Amino acid sequence: MSRTGLSTRRVEGIGEGSLGGTLSRLLQLTCEAVLVFDGLGRVLLANDEASQLFFGGAELVGTDVRALFPASGQDESLDVFEPADLPFSVDGSMSFVSCRGADGKTISVRVRCDTVNAPGETYLLVALAAEDESRADREQDRALEDLRRANHRLSGTLNIVLDTIDASDLASLFERLLEELTETMEADGTIVYLAESDGFHLRGISSGLVGERVARFMPFGRSVERVAVKEGKAVRLRVCAPSSGELRQGRLTTREVVDEDTHEVLRMRVSMLPPFTSFIAVPVWFGGHVISIIEVGWRRMRPLLRDDARLLDSVAHYLSVQLAAAFTALRTQRADRLASLETQMREELLNLGSADMGDKDLAAEKFFSIAADAAEELEATLIRMKVGGSPRVVVADLPLTGARDLAVDLDALVKPASHDGVAVVPIVPDSELFLLLRELGEPCLGALMDLGKLAGERRCLMLLRPDGAEPFDDIELEFLLGLAEDVRDIVRGAVAREQDKRISQALQTGMRNELQSVEGITAQAVYSSATKTASVGGDFYDLIRLPDHRACVIMGDVSGKGVEAASVSAAVKTALGAYAWEGLAPARMVRSLNEFLLGFSRLETFATLFVGIIDLASATLRYCSAGHPPALLMTPGADQISILDVQSGVVGAFHDIAYQDGTVRLERGDVLLLYTDGTTEARDESGTFFGEEGLRDMVMRESDDDKPFDGFVDRLLGTLDEFTGHNLDDDVAMVALRFDGLS
């Protein structure tokens with residue numbers, strides 16, 4: 001068995017694994033009041049019947065047992081407890097005595113009390129109301145309590161259903177779900193995990209568990225989830241008390257857990273267990289896979305009813321769709337957050353690239369400062385590394401043990417993940433680097449970043465989380481890789497050197513708009529200049545065929561009209577074409593163009609742009625919309641139009657503007673429409689704008705399934721021209737691309 005495996009054994013009958021559960025169930029089923037008290041007279045355990053018989057439901061645990069059976073003339077303030085002080089014998093014989101009942105009045109009860117063979121001085125007492133009427137009242141109270149519990153469960157379940165219908169706020173959804181599950185089950189707390197590619201990640205705890213130790217990550221097959229997935233339904237689990245031998249060994253690393261249904265005893269790592277003694281683990285199934293684990297638990301040992309497990313299975317079945325949607329939305333939110341952060345860090349690195357690069361040490365320190373910000377966002381510790389004379393030994397400045405030599409073959413480790421000189425390698429459980437770090441007692445989960453040559457040296461670093469934390473997911477690894485690639489580009493200086501060369505060559509090309517032929521794309525465009533004496537103006541577009549089934553689509557509008565605006569348009573368009581051949585991302589292209597335009601001392605001009613890189617192999621569009629009207633995406637058969645709404649500022653107006661990329665997936669038959677603001681700002685004879693709503697209505701009408709794609713933009717321009725009375729007062733350009741897919 002592996003060190004991290006989950007061991008199990010089965011205990012049959014009344015034995016080691018089931019005795020505690022059997023006793024707990026017996027205490028619930030019996031109609032008699034049961035008390036356990038110690039040699040000091042303190043009540044240690046009481047079932048529900050005892051709580052109802054004595055004091056009408058008051059808390060009994062910790063009470064002096066003599067206070068429950070007042071004897072005439074007895075001094076109840078005695079400090080020293082003696083069994084002789086009790087009005088009944090402790091030899092197991094039956095006695096009839098008086099006690100304080102639920103209404104405060106004295107009632108007669110039949111009592112048996114005997115010593116228990118247990119560590120210390122322990123007594124077990126069983127009591128039952130002596131009068132037939134009292135016993136009948138107890139049975140009635142018991143039935144009413146069962147009815148109350150059932151009504152409470154039903155009411156809570158209905159609240160969960162009603163409160164989660166059409167929930168759009170994920171934070172509120174999880175908060176309500178956790179609190180209502182806890183309240184419905186009368187539990188001490190509820191925990192929710194969501195499944196990802198590497199295991200189950202913690203996504204929420206109820207308010208009663210704030211400050212408790214809760215595992216943030218459960219790997220597949222090594223924790224509670226294995227039992228729940230194996231059974232395929234809610235499982236009732238009880239954490240066994242450690243034996244005296246285990247306690248003598250010191251810190252507990254594992255505990256025994258009993259499955260109340262199968263009587264299996266499982267040995268689990270303490271770090272993977274919730275802060276409960278009794279709990280129900282509920283798998284949430286969706287599409288044949290477990291997408292979530294819900295744990296509802298109690299700190300003290302208590303009977304776990306099969307009906308409660310069945311109820312939680314029903315709740316999980318209902319919640320499966322909501323949790324699946326929440327899972328997708330959470331990943332999207334996380335990806336957007338990291339994409340925005342990457343944009344900010346890229347801006348800082350770009351500013352560094354335009355500064356004095358002669359001070360290499362300053363450049364390296366600036367990068368490590370940015371990397372520290374990334375580590376903080378990822379809740380990880382940044383570890384600097386140095387590569388010695390051989391890549392088989394690296395020196396890591398570890399947070400707990402200081403500078404240590406790590407005997408790892410760095411080249412062999414990073415080569416499979418290398419991207420043109422840089423690499424990001426995940427450090428996962430049982431990997432070579434993970435085991436080395438864990439043996440040192442250091443954080444050991446995370447990622448290794450190899451940045452290649454930086455400031456004259458090969459630079460590597462690690463971002464690490466503690467053992468048992470969440471490994472980096474694919475979104476976080478992609479974020480780190482993007483950051484590493486930005487460092488590579490800027491430090492090499494390739495961007496600055498190639499930019500001037502390609503722009504100088506590109507400015508010699510023609511000024512005409514054109515759409516190159518691209519396999520998998522059907523394209524059409526239309527241009528109408530408001531300047532009657534010129535065939536060109538400030539609006540421009542281009543479609544550029546790139547290697548590896550990629551293409552770049554450009555749509556822009558330079559301030560001004562006529563030949564002067566067109567000359568700037570030509571420079572901008574050809575510069576963007578050069579950037580596209582460099583393989584830059586759209587936001588990076590726009591940032592470079594911004595600095596280029598600000599260098600025009602002879603003109604005070606700015607531009608709005610839409611730049612998109614289409615990857616036909618992966619069916620994705622990555623775009624940057626810089627102050628440009630939002631592009632529209634039409635899907636065949638859809639009853640509405642999607643708007644590409646990730647926006648950034650205009651180009652050529654100010655330094656230090658942040659530009660951001662957006663990403664959208666493409667389906668066969670999708671149509672992307674780009675246009676300039678002359679389209680929506682066209683006016684009729686009364687001065688009314690055509691507007692975005694008019695544009696969407698026109699596009700929906702002209703993209704109807706019974707109308708061909710051929711002539712689509714011509715029909716749009718014709719409608720617009722008719723709206724203005726054939727008097728357009730601004731340049732209008734439109735480009736439509738239909739994605740046909742690769743053959």
Side-chain angles (χ1 to χ4, degrees), residues 14-102 106-129 138 188 238-248 252 255-256 258 275-278 298-303:
I14 304 298
E16 180 181 352
S18 61
L19 182 57
T22 302
L23 175 61
S24 178
R25 184 64 171 160
L26 176 63
L27 293 180
Q28 182 189 27
L29 292 176
T30 183
C31 295
E32 294 181 294
V34 179
L35 294 176
V36 176
F37 58 94
D38 63 11
L40 299 177
R42 295 174 304 186
V43 176
L44 304 177
L45 182 147
N47 66 353
D48 291 343
E49 293 297 318
S51 297
Q52 293 299 320
L53 180 62
F54 302 109
F55 294 165
E59 176 61 49
L60 293 178
V61 175
T63 303
D64 191 320
V65 71
R66 292 171 292 180
L68 308 181
F69 301 95
S72 177
Q74 178 178 297
D75 184 0
E76 298 180 3
S77 64
L78 291 174
D79 292 333
V80 179
F81 172 78
E82 293 292 343
D85 296 335
L86 297 169
F88 47 82
S89 63
V90 291
D91 59 1
S93 60
M94 185 174 65
S95 304
F96 287 89
V97 297
S98 297
C99 77
R100 291 178 179 173
T106 301
I107 63 172
S108 178
V109 294
R110 185 179 63 197
V111 172
R112 289 180 185 270
C113 184
D114 203 348
T115 58
V116 177
N117 184 18
E121 190 178 353
T122 308
Y123 300 87
L124 174 66
L125 179 148
V126 179
L128 183 66
R138 293 296 307 119
D188 291 322
R238 172 171 50 84
V239 181
C240 300
S243 66
S244 57
E246 289 174 323
L247 292 174
R248 283 194 297 269
L252 293 173
R255 294 285 294 275
E256 288 191 340
V258 177
F276 305 131
T277 299
S278 299
W298 297 262
R299 291 187 177 89
R300 294 183 178 180
M301 187 178 72
R302 60 159 286 162

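Treat the numbers as computed from the prediction; the structure is a model and nothing was measured.
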Does [X] reach the main-chain N or O of [Y] with its side chain, forming a donor-acceptor pair under 3.5 Å?
X: S98; Y: S108; answer: no
X: R238; Y: S278; answer: no
X: R299; Y: P275; answer: no

Would you name the heavy atoms of [X] and [Y] that are closest together and state the gap between them?
X: A127; Y: V111; result: CB-CG2, 4.1 Å
X: V97; Y: P87; result: CG1-O, 3.3 Å
X: A50; Y: A33; result: CA-CB, 3.5 Å
X: R300; Y: T277; result: C-CB, 3.9 Å
X: N47; Y: E32; result: ND2-O, 3.1 Å

Kindly determine whether F88 and L125 satisfy side-chain contact (heavy atoms from CB on, under 4.5 Å), including the steps that lead there. CA-CA 10 Å; F88 47 82; L125 179 148; 3.2 Å; yes
Between atom [atom1] of [X] and atom [atom2] of [Y], what is the distance when rounded to the nearest 0.5 Å?
X: L45; Y: L35; atom1: CG; atom2: CG; result: 8.5 Å
X: R112; Y: S95; atom1: CZ; atom2: OG; result: 9.0 Å
X: L124; Y: C113; atom1: CG; atom2: SG; result: 7.0 Å
X: R42; Y: T63; atom1: CZ; atom2: OG1; result: 11.5 Å
X: F81; Y: D38; atom1: CZ; atom2: CG; result: 8.5 Å

Going through the distances and angles, do F69 and D85 end up as a side-chain contact (heavy atoms from CB on, under 4.5 Å)? CA-CA 10 Å; F69 301 95; D85 296 335; over 6 Å; no
Is there side-chain contact between F37 and L86, with at least one heavy-atom pair below 4.5 Å? yes
Validation row: L44, Y123 side chains within 4.5 angstrom (heavy atoms):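 They are not in contact (no side-chain heavy atoms under 4.5 Å apart), so the answer is no.
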Testing L128, L53, L68 for side chain to side chain contact (heavy atoms under 4.5 Å, CB included) with V109, which one passes?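 Testing V109 for a side chain to side chain contact (heavy atoms under 4.5 Å, CB included) against L128, L53, L68 leaves exactly one candidate, L53.
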